[in-house]
**Student:** 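Before we start, here is the structure in question, set down as C-alpha cells.
Chain A is the first sequence line, chain B the second, and so forth, proteins listed ahead of strands; every chain is numbered from 1.
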4 protein chains.
Amino acid sequence: MKRMARERVTKDPEERRQELIDAAERLFMERGYEATAVSDIVQEVGVAQGTFYYYFPSKEEILEAIIEKDMAALEDDVRKITEDPNLDPAAKINAIVNSIIGISSSRKEIMDYLHKESNAVMHEKMERHLIERLVPLMAEVVSQGVAEGRFDVQHPTEAVEFLLASMVYFFHHPEIFADPARSKKMRSTLETILGRALGMKDYGFVLVV
Amino acid sequence: MKRMARERVTKDPEERRQELIDAAERLFMERGYEATAVSDIVQEVGVAQGTFYYYFPSKEEILEAIIEKDMAALEDDVRKITEDPNLDPAAKINAIVNSIIGISSSRKEIMDYLHKESNAVMHEKMERHLIERLVPLMAEVVSQGVAEGRFDVQHPTEAVEFLLASMVYFFHHPEIFADPARSKKMRSTLETILGRALGMKDYGFVLVV
Amino acid sequence: MKRMARERVTKDPEERRQELIDAAERLFMERGYEATAVSDIVQEVGVAQGTFYYYFPSKEEILEAIIEKDMAALEDDVRKITEDPNLDPAAKINAIVNSIIGISSSRKEIMDYLHKESNAVMHEKMERHLIERLVPLMAEVVSQGVAEGRFDVQHPTEAVEFLLASMVYFFHHPEIFADPARSKKMRSTLETILGRALGMKDYGFVLVV
Amino acid sequence: MKRMARERVTKDPEERRQELIDAAERLFMERGYEATAVSDIVQEVGVAQGTFYYYFPSKEEILEAIIEKDMAALEDDVRKITEDPNLDPAAKINAIVNSIIGISSSRKEIMDYLHKESNAVMHEKMERHLIERLVPLMAEVVSQGVAEGRFDVQHPTEAVEFLLASMVYFFHHPEIFADPARSKKMRSTLETILGRALGMKDYGFVLVV
DNA sequence: AATGAATGAGATTTCATTCAT
DNA sequence: AATGAATGAAATCTCATTCAT
C-alpha cells in the first residue's frame with residue numbers, strides 16, 4: 001500500500017548486468033556458490049531483489065554467465081595463441097598451459113582468504129566448460145605437432161584431455177601456490193610430464209607459476 | 001507428548017548403521033548429496049527420522065562415513081598391492097591404477113541412471129580423501145622404482161599427485177565408460193602417459209577399463 | 001522450484017510488522033512463549049511462514065520487539081510523570097506505582113484464561129528490562145524527595161530496586177487481582193510499605209489496584 | 001538383537017535417585033533447565049537413558065524433586081528458627097532473612113560461571129515454592145511480633161509476601177554478590193526497609209551478605 | 001533395577017522465486 | 001527498468017519418551 005522506492009537508480013542494462021555478475025563472482029569465490037544467497041548479491045550491488053530476476057532467470061543462470069564470461073576470455077587467449085603464426089606447436093602448448101595456470105594462481109588470493117573449504121559446484125562447472133572448450137583447440141595444436149614430427153601422440157584428443165585434467169587440479173587447489181617450495185616442485189614436475197606425455201625428445205617446457 | 005510407536009524393530013547397532021550408510025550411499029549417487037533428504041534415507045531403511053540422528057550427528061557426517069568406508073577399502077587394496085613382494089614397482093603401479101579405475105567404472109551404472117548433472121560435493125570430498133591417502137603410498141612405490149633404476153622421476157610425490165589428478169577425472173566422468181570406443185582410446189592413452197611420465201623406457205602398462 | 005501464491009496481500013511494512021507483533025504478544029500471553037510456534041503466529045495473521053522471517057530474524061527477536069514496545073510505553077508514561085512540574089516527589093512515586101500496577105492488572109484477563117502455569121521466559125525478560133529502565137528514573141525522583149526533606153533514604157537506587165522487585169511480583173502473579181479481598185489487602189500493605197520504606201512521616205499513598 | 005549391556009552397576013535405589021537429582025541440579029544451574037537434555041543427565045551419572053525414566057516419570061518431575069529438596073531444607077532451617085524459644089520475633093525474622101540470602105549467595109558461584117543468561121523456568125518454580133512455604137511460617141512470627149508490640153503491621157501475610165518478593169530478587173540476580181560495593185549498599189538498604197516495613201521503632205537488623 | 005535402541009512429532013529457519021505496483 | 005514485500009516448500013535437527021529385553 002505504501003510503496004516508497006528508495007531512490008531508484010537506473011543504469012545502462014549492460015552495466016547493471018555486469019555489476020551483478022561481478023558481485024556474484026566475487027561472493028561465490030569468497031563464500032562458495034551455495035553459501036551465497038541471491039539477497040547477498042543484490043545487497044552488494046544495491047538493487048532490489050526483483051532486479052536480479054529481471055536480469056537472470058535463476059541463480060544458476062548467473063553462475064553460468066560468470067563461467068561463460070571467464071571461459072570465453074580464456075578461450076580467446078588460447079585461440080590467439082593457437083593462431084599465432086610465429087609459434088611452433090610446442091611453444092603454443094607451453095603458452096596455453098601458462099595461461100591456464102595463470103588463472104588458477106590469480107584465484108588464490110581471493111580464494112583462500114575465507115573458506116578454503118571450497119566450492120565444489122562452481123569448480124565442477126568450470127572444469128566441465130574448460131575441458132569442453134579447450135580440448136578441441138589444443139588437440140588441433142597437438143595434431144599439428146605430430147604432423148610436424150615434433151610430438152609423438154596416438155590420440156591427441158584423449159592425451160590433451162588427460163593433461164587438462166591434471167591442470168584442473170590446480171583450480172581445485174589454489175593453496176598449492178601458497179607454498180613456494182611445493183609450487184616449484186609442482187611446476188618442474190609438470191614441465192617434465194608435459195614434455196614426456198607429448199613424446200618430445202627434448203622437453204623444454206618453461207612454466208611460470 | 002509422543003504418540004505411539006508402529007512396530008519397533010531393534011537391531012544390532014552396527015547393522016543399523018550399515019543399513020543407513022548403504023541406503024545413503026545409494027541415494028547420494030542416484031540423486032546427489034544435496035538432492036537427498038535425510039527423510040529419504042530413513043524412509044528407505046524403514047526407520048524413524050530420529051533414528052538417523054541417533055547414529056549420525058548430521059547429514060554431512062554420514063557422507064564422511066561413506067567416503068571413509070570407500071576410501072578405507074581402496075587404501076586397503078592399494079596397501080596390499082604395495083606390500084606384495086612378488087610385484088616389481090611397475091607392476092604395482094599398474095595394479096593400483098587398475099584398482100582405482102575399477103571403482104570408477106563400477107560407479108557408472110548407478111551414477112548415470114539419473115542426474116548425470118552429478119554430485120559436486122561428494123566428488124570433491126572423495127577426490128581430497130583419495131589423493132591424501134594414496135599419494136604417500138604410491139610415492140613410496142615410485143621411489144623404490146627410481147632406486148631400482150626402473151623409473152626416472154625427480155619428485156615422486158608431485159608426479160604421483162599429477163597422475164592421480166588425471167585419474168580422479170574418471171571419478172567425475174563415469175560416462176566415459178559408456179562409450180566403448182572412447183573408453184579404449186582413453187585406456188591406451190593412459191597406458192602410454194603413465195609409462196612416459198614415470199620415465200620408463202619400455203612402458204608396458206596394461207590397464208583394464 | 002516454488003508453487004503458486006494464494007492471493008498475495010501486500011501491506012505497508014510497518015503495519016505488517018505491527019500485526020505480527022500484536023498477534024505474537026497475544027499468543028505468547030495465552031499459551032506462553034515456548035508453547036507458541038511461529039506457525040501459530042503467521043496463521044493468526046494470515047501470512048506465509050516466510051513473511052515472519054522477512055520481518056524478524058528469529059522467534060526470540062519478536063519477543064524482544066514486544067517487550068521493547070511495552071517497556072518503551074511504560075517508560076514513556078513514567079517519564080511524563082517524573083517531568084510533571086505539578087507533582088511533588090511523593091505524588092510522582094505514587095503515580096508511577098499506579099502505572100506499573102495498571103499494566104499488571106490489565107494482563108490478568110488475558111493471562112489466566114489459559115495456562116496460569118505461566119510464562120517464565122517472558123516474565124524474566126520483562127522484569128529485567130523494566131528494572132533496568134525504571135530504576136534510574138525513579139531513583140532520580142527519590143533523590144529529589146530526599147533533597148526536599150520529603151523522603152529519608154540513604155541509597156535511592158537500591159531502595160528503588162527493592163521496591164520495584166516487589167512490584168514485579170505482581171507481574172508474575174496476576175491471579176492476585178482475581179480475588180478482591182486479597183487484592184485489597186495487598187494494596188493497603190503496599191501503600192504502607194512504600195511510605196515507610198521511603199521514610200515518610202505521613203505515608204499517604206493511594207494505590208488503585 | 002545384540003544386547004550387550006556395558007557392565008551394569010546396580011545401586012541402592014535411593015542412592016541412584018540422589019545421584020540423578022544431584023547431577024540434574026548441577027546441570028540445570030550451569031546450563032539452564034531447557035538447555036539440559038535428559039541425555040546429559042544420564043551421561044553425567046553414567047547410566048542408561050531408560051534408567052532416568054525408571055526413577056522419574058518425566059524431566060519436569062526431576063525439577064520438582066530438586067526444588068522440593070532445596071525448599072524442604074530451607075523450610076527446615078526456617079522452622080527451627082521460628083521454634084527457637086531463645087529468639088524474639090525480630091531476631092527470628094533477622095535469622096530467616098539471613099538464611100534465605102545465604103542460599104542465594106552460595107548459588108552465585110555455580111550460577112554465573114556459565115550462562116548468566118539465566119534460568120527462567122527454574123527460578124519461577126523456586127520462587128513459587130519458596131513463597132508458598134515460607135509465607136505462613138514468617139507470617140506467624142510477624143503476628144507474634146505484633147502481639148508483643150514489637151512490630152506494627154496490619155496484614156502480616158501480605159507484608160511478608162512483599163518482603164519475600166524482594167528477597168527472591170536475589171535469587172534471580174546472584175551477580176549482585178559479585179560486586180562488593182553494590183552488595184554492601186543492598187544489604188544496608190534491606191536492613192532499613194525490613195525494619196521500617198515491620199514498623200519497628202529501632203530497626204536493628206543485621207544482615208550477612 | 002537397568003538397558004539403550006528407537007521413536008516421531010514438531011520446531012525453527014532458509015531462500016530461490018514471484019508478482020503487483 | 002526496477003522495486004521489495006510476500007511466498008511456501010522443504011530441510012535439518014532436537015529430545016522427551018517408550019519399550020522390548
Side-chain angles (χ1 to χ4, degrees), chain A residues 1-6 8-13 16 34 36-40 42 47-60, chain B residues 1-13 16 34 36-40 42 47-60, chain C residues 1-13 16-17 34 36-40 42 47-60, chain D residues 1-13 16 34 36-40 42 47-60:
Chain A
M1 248 139 212
K2 231 192 223 160
R3 218 100 250 295
M4 30 152 191
R6 273 298 133 127
R8 170 198 291 233
V9 181
T10 303
K11 288 202 183 171
D12 173 63
R16 228 338 90 87
E34 322 259 43
T36 301
V38 171
S39 65
D40 295 330
V42 297
V47 295
Q49 193 94 347
T51 305
F52 180 93
Y53 286 90
Y54 182 74
Y55 286 97
F56 302 96
S58 73
K59 185 185 168 189
E60 185 153 15
Chain B
M1 262 153 199
K2 290 291 119 86
R3 292 304 99 77
M4 68 209 59
R6 201 129 287 250
E7 64 154 330
R8 177 190 291 233
V9 182
T10 302
K11 291 199 181 172
D12 173 69
R16 239 318 107 83
E34 324 259 45
T36 302
V38 171
S39 64
D40 296 330
V42 297
V47 295
Q49 191 92 350
T51 304
F52 179 92
Y53 288 92
Y54 182 72
Y55 286 95
F56 302 96
S58 72
K59 186 183 164 191
E60 184 151 15
Chain C
M1 260 152 202
K2 291 291 118 84
R3 291 307 102 75
M4 66 209 61
R6 200 129 290 248
E7 67 156 329
R8 176 190 293 231
V9 181
T10 303
K11 291 200 180 168
D12 174 69
R16 236 324 105 81
R17 201 184 131 89
E34 323 259 42
T36 302
V38 171
S39 64
D40 296 330
V42 297
V47 295
Q49 191 91 350
T51 303
F52 179 93
Y53 287 91
Y54 183 71
Y55 286 95
F56 302 96
S58 71
K59 186 183 162 189
E60 184 151 17
Chain D
M1 247 134 217
K2 235 191 218 159
R3 217 104 255 290
M4 31 158 185
R6 271 300 134 124
E7 61 159 327
R8 171 196 292 234
V9 181
T10 304
K11 289 202 181 170
D12 173 63
R16 238 320 105 81
E34 322 260 41
T36 302
V38 172
S39 64
D40 295 330
V42 297
V47 295
Q49 193 93 347
T51 305
F52 180 93
Y53 287 89
Y54 182 75
Y55 287 96
F56 303 95
S58 72
K59 185 185 166 188
E60 185 153 15

**Student:** With a 4.0 Å cutoff (strictly under), does any side-chain N or O of B/Tyr54 reach OP1 or OP2 of E/dA6?
**Tutor:**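 No, B/Tyr54 has no side-chain N/O under 4.0 Å of OP1/OP2 on E/dA6.
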**Student:** Between D/Thr51 and E/dT3, is there a side-chain N or O to OP1/OP2 distance below 4.0 Å?
**Tutor:**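 Yes, within the criterion.
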**Student:** Please check the phosphate of F/dC19 (OP1 and OP2 only) for any side-chain N or O of D/Tyr53 closer than 4.0 Å.
**Tutor:**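 Answer is no, no contact under 4.0 Å.
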**Student:** Rounded to whole angstroms, how far apart are OH on C/Tyr55 and C1' on F/dG8?
**Tutor:**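 Value for this atom pair: 16 Å.
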**Student:** Tell me the partner of E/dA11, counting only Watson-Crick (N1-N3 plus N6-O4 or O6-N4) or G-U wobble (N1-O2 and O6-N3) with both under 3.5 Å; none if nothing fits.
**Tutor:**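 Across all strands, the one nucleotide that pairs with E/dA11 is F/dT12.
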**Student:** So what's F/dT18 paired with, Watson-Crick or G-U wobble, going by both distances under 3.5 Å?
**Tutor:**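 Across any shown strand, F/dT18 pairs with E/dA5.
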**Student:** Less than 4.0 angstrom between a side-chain N/O of B/Arg16 and OP1 or OP2 of E/dA5, yes or no?
**Tutor:**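 No, outside the criterion.
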**Student:** Which nucleotide, E/dA5, F/dT12, E/dA11, lies nearest any side-chain atom of C/Ser39?
**Tutor:**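 Minimum distance to the C/Ser39 side chain belongs to E/dA11.
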**Student:** Given atom CG of B/Asp40 and atom P of F/dA10, what is their separation to the nearest angstrom?
**Tutor:**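 Answer to the nearest Å: 11 Å.
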**Student:** Round to the nearest Å and state the distance from A/Phe56 atom CZ to E/dC15 atom P.
**Tutor:**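 Distance, rounded to whole Å: 20 Å.
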**Student:** Separation of C/Gln49 atom CD from E/dA11 atom P, in whole Å?
**Tutor:**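 The distance from CD of C/Gln49 to P of E/dA11 comes to 10 Å, rounded to the nearest Å.
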**Student:** NZ of C/Lys11 versus C1' of E/dT21: gap in Å, rounded?
**Tutor:**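 It is 17 Å, rounded to the nearest whole Å.
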